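Structure, as structure tokens:
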There are 2 protein chains.
Amino acid sequence: MELSERKGRILATITETYIVTGEPVGSKYLSASAGFRVSSATLRNEMAELSEMGFLEQPHTSAGRIPSQNGFRYYIDRLMGLYEPSSVDIFRIRSRMDSNEGDPQKLLASAASVLAEMTGCAAIVTTPYSAGSHIRRTDLVPLGGRNVMMVVSVSNGTLKSRICRCDNEVSYEMIDLFYKIAASAFADRAPEEITLPLVQTLAASLGDHAFEMAPLLTAFADAAREAAVTDVLTAGLSNILRHRDFEGRGASLQEFLRNRSNAVRLLRAGTDGQVRVILGSENRCRELLNASVVCAGYSAHGREAGMLGIVGPMRMDYAAVVPLVRYIAGLVGAMLDENTE
Amino acid sequence: MELSERKGRILATITETYIVTGEPVGSKYLSASAGFRVSSATLRNEMAELSEMGFLEQPHTSAGRIPSQNGFRYYIDRLMGLYEPSSVDIFRIRSRMDSNEGDPQKLLASAASVLAEMTGCAAIVTTPYSAGSHIRRTDLVPLGGRNVMMVVSVSNGTLKSRICRCDNEVSYEMIDLFYKIAASAFADRAPEEITLPLVQTLAASLGDHAFEMAPLLTAFADAAREAAVTDVLTAGLSNILRHRDFEGRGASLQEFLRNRSNAVRLLRAGTDGQVRVILGSENRCRELLNASVVCAGYSAHGREAGMLGIVGPMRMDYAAVVPLVRYIAGLVGAMLDENTE
DNA sequence: ATTAGCACTCTGTGCTTGTGAGTGCTAACC
DNA sequence: GGTTAGCACTCACAAGCACAGAGTGCTAAT
């Protein structure tokens, strides 16, 4: 359904005013302060039609209009102009993210915190998918005594390290044996292939050494399992409480997002690396009825690698947020590429 | 000031009832349902005296009494009996904390989350102090390409790892050089002694190699600096919002605790490893006027190592919380000892 | 197609009133 | 002297009501 040029301008003005003020917008305000050169009565007629079409709604009879979910949708898809991040913003973003050279986990965490900070919303970032990746190498660092640190490095950029406690003093023979047998048997496998049974079969073949290697092998299986699941990082969950739109529901939405599997379900990447905006009930979940999600996929080494996005009130400054999310998704991808050239 | 036996019982009953219900307690309730064998008028007389002494106060004229801060103080110091954690609780605690064998950071993080979960309050845990500790060893793990992982292990149990990006392909000569020169020069020093100038002087003496070693050395200085500051872990900040005592102020208290330097200032260990309860204004900060802090120090290898505690409404179940904090502080110390035998 | 005018609707605020809970005080009692 | 019954008093809170203000929808005139 295509709106007339004037209806479009009215919808856009109402939406943008509402985004800023959070108050319903009345016909009087539009005719007096928003630069329309027609009377409030004319605007009322237009607004009545827009209401009938489902683009505007009234909180109550004697209030002004606010955009309905469909109104926001139309505004986002057809009316809004984008504000690309300013060079000051870009500088801020880069200087925050450059300080994590090399560590993908920290890189993603700071992407989340930058997103949260600059949008004032809650940010969600997934770690890279493990699909199609393989274990590149596994290293052991003796820490003295019975402790060893294990570092598993996966081709999608993921690094998992864990400290492993052996039953006896760690010997160089043990470490050598691990490298020779286990590491070589596991390298180039996909993380999700490394199951405990697989590791146990391997252990069985070690004969005498099986027992002393057990902690290392289970730690390895554990690390691989962890590398196989896409983790979810969040930041700025407390921002949720700042928005008066969430008053009352704020704490429960926060609780909802704190659950990682909930959080990750919200992000749905566009097919072509585009930013997607998912409004209210489009999220198909009760907690997000008056919230919206702006998300994008990031890619690394030319393939879709993960997703990131923000959750905020439906009344948010899409014109600025959409380009920001796009920019950060691109930057994360580029920095991941750089890390694992 | 010593209260008569009956006044003590009245204060304790009012406090305990108020802790459970959150409502002011009236004389009628006490005489009817709380097992006092005197009339409400008698209790009113006693309560009036307790009010005059500053142990009770009234939200308004026609309401019942609630304990004042001094009332809570007297109750905690002299009246309350402690409920040691049940064996079920102990089992829950241990099974949550045992899964972090070896990694002190994770151990402390799960201590925080157990504390938060079991008390329904926000939990704060500091990492071990660096005072008196020294760098035990530093290891490098080549991750392929230009990346190296550095693991700095400190004698107080702290481990700091960071990924470091070199300017060229990492060579074994480089790593060897680092081990030979730098690691030996730094080992057994206190983390706070490792300053950037110190590292730079060392680099200068490396001649030709100074340039290629620079990223490793700055990473090391960085890791040492990080190991020198006591970090603060928090958990369950969102619990703050659940307490109706914090209604309105909840978000700002949460914000206050999110600031680590604020959080750590709240914990004040007792002199003798005792649990300390710090009530409302005793915290000397506006945000905590109706909150209280229950904290204890934990020790490792026989010396005071760090602190942990919780922040919650003044109306909390001290009889259960105090022993719980004591138990977890002891357990953390014991587990840290075990980790770094 | 646009506009002025007017009746109508609904919210939010302030005011009043009534109710219930709990106290403080006094005088009687053991 | 400690304890108790009785009563007047205070205060928070909810309900009811009037009123102002904002904004609309409709009609008739331009």
Side-chain angles (χ1 to χ4, degrees), chain A residues 3-11 13-18 20-68 71 244-245 247-248, chain B residues 2-11 13-18 20-68 71 244-245 247-248 290:
Chain A
L3 295 181
S4 73
E5 193 271 341
R6 190 167 70 181
K7 281 206 178 59
R9 263 174 55 221
I10 293 174
L11 178 54
T13 310
I14 290 179
T15 307
E16 282 158 10
T17 310
Y18 176 64
V20 174
T21 65
E23 300 293 324
V25 182
S27 57
K28 212 166 181 177
Y29 168 82
L30 284 183
S31 99
S33 321
F36 284 91
R37 314 201 56 100
V38 292
S39 77
S40 64
T42 308
L43 291 166
R44 273 204 293 284
N45 288 332
E46 294 279 53
M47 287 159 76
E49 285 180 53
L50 282 168
S51 293
E52 212 166 303
M53 292 169 164
F55 291 122
L56 295 178
E57 54 193 27
Q58 287 179 280
H60 55 265
T61 332
S62 72
R65 301 295 210 293
I66 62 176
S68 67
R244 99 180 101 102
D245 306 44
E247 208 154 275
Chain B
E2 186 78 42
L3 294 181
S4 72
E5 193 271 341
R6 190 168 69 180
K7 281 205 177 58
R9 262 175 56 222
I10 292 174
L11 178 54
T13 309
I14 290 179
T15 306
E16 281 157 11
T17 311
Y18 176 65
V20 175
T21 65
E23 301 291 325
V25 182
S27 58
K28 212 166 181 178
Y29 167 82
L30 284 183
S31 97
S33 321
F36 285 91
R37 313 201 57 101
V38 292
S39 78
S40 63
T42 309
L43 291 166
R44 274 205 291 285
N45 289 333
E46 294 280 53
M47 286 158 77
E49 285 179 54
L50 282 168
S51 294
E52 212 167 302
M53 293 168 165
F55 292 122
L56 294 178
E57 53 193 28
Q58 286 178 282
H60 56 264
T61 333
S62 71
R65 300 297 210 292
I66 61 177
S68 68
R244 101 179 100 103
D245 305 45
E247 208 155 276
N290 42 10

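Just so it is clear: chains get the letters A, B, ... in the order the sequence lines come, proteins before strands, and each one is counted from 1. Being a predicted model, the structure only gives us computed values, none of them experimental.
With a 4.5 Å cut-off on side-chain heavy atoms, B:Ile14 and B:Phe55 do not count as touching. Taking the side chain as every heavy atom from C-beta outward, A:Ser31 and A:Ser39 never approach each other to under 4.5 Å. Counting heavy atoms from C-beta outward, B:Met47 and B:Val25 have side chains that stay 4.5 Å or more apart. In this structure, the side chains of A:Leu3 and A:Leu50 come closer than 4.5 Å at one or more pairs of heavy atoms. Taking 4.5 Å as the limit, some side-chain heavy atom of A:Tyr18 sits within range of a side-chain heavy atom of A:Pro67.
Residues from residues 48-56 of chain A placing a heavy atom under 4.0 Å of any atom in DNA chain C do not occur.
Annotation for A:Lys7: atom NZ counts as buried by contact number, over 12 foreign heavy atoms lying within 6.0 Å.
The residue among A:Met47 and B:Pro59 whose nearest nucleotide of DNA chain D is located toward the 5' end is B:Pro59.
A:Lys28 places its NZ atom 15 Å from the P atom of D:dG25, with the value rounded to the nearest Å. In this entry the distance linking CG of B:Asn45 with P of C:dT23 reads 11 Å, nearest Å. Remark: P of C:dC8 and CD of A:Gln58 are 18 Å apart, rounded to the nearest angstrom. Atoms CZ (B:Arg37) and P (D:dG2) sit 21 Å apart, rounded to a whole Å. The nearest whole Å value for the distance from the CD1 atom in A:Ile66 to the C1' atom in D:dA22 is 16 Å. The distance from atom CD of A:Glu57 to atom P of C:dC10 is 17 Å, rounded to the nearest whole Å. For A:His60 and C:dT11, the NE2 to P distance is 6 Å, given to the nearest whole Å. In this structure, B:Phe36 atom CZ and D:dG2 atom C1' are separated by 17 Å, rounded to whole Å.
Phosphate proximity of D:dA12 to B:Ser62: absent, as no side-chain N or O sits under 4.0 Å from OP1 or OP2. Side-chain nitrogen and oxygen atoms of A:Arg65 include at least one within less than 4.0 Å of the OP1 or OP2 phosphate oxygen of D:dG25. Using a 4.0 Å cut-off, some side-chain N or O of A:Thr42 falls inside it from OP1 or OP2 of C:dT3. Using a 4.0 Å cut-off, no side-chain N or O of A:Arg44 falls inside it from OP1 or OP2 of C:dT2. OP1 or OP2 of C:dC10 lies within a sub-4.0 Å distance of a side-chain N or O belonging to A:Thr61.
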Go through the steps for A:Glu49 and A:Arg6 under the test salt bridge (Lys or Arg N to Asp or Glu O under 4.0 Å), then give the verdict.
CA-CA 12 Å; A:Glu49 285 180 53; A:Arg6 190 167 70 181; over 6 Å; no

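In this structure a side-chain-to-backbone donor-acceptor pair under 3.5 Å is missing from A:Thr42 to A:Val38.
In this structure, A:Glu57 and A:Ser68 approach most closely via the heavy-atom pair OE1-CB, 3.5 Å.
Every side-chain contact (heavy atoms from CB on, under 4.5 Å) that A:Ser51 has, sequence neighbours left out, goes to A:Leu56, A:Arg65.
Distance from the side chain of A:Ala41 is smallest to C:dT3 among D:dA5, C:dT3, D:dT3.
Looking at heavy-atom distances under 4.0 Å, B:Ser27 makes contact with sugar-phosphate atoms alone, never a base.
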I'd like a table of atom pairs between the protein and nucleotides 28-30 of chain D - only N or O on both sides, under 3.5 Å - with the distance next to each one.
none

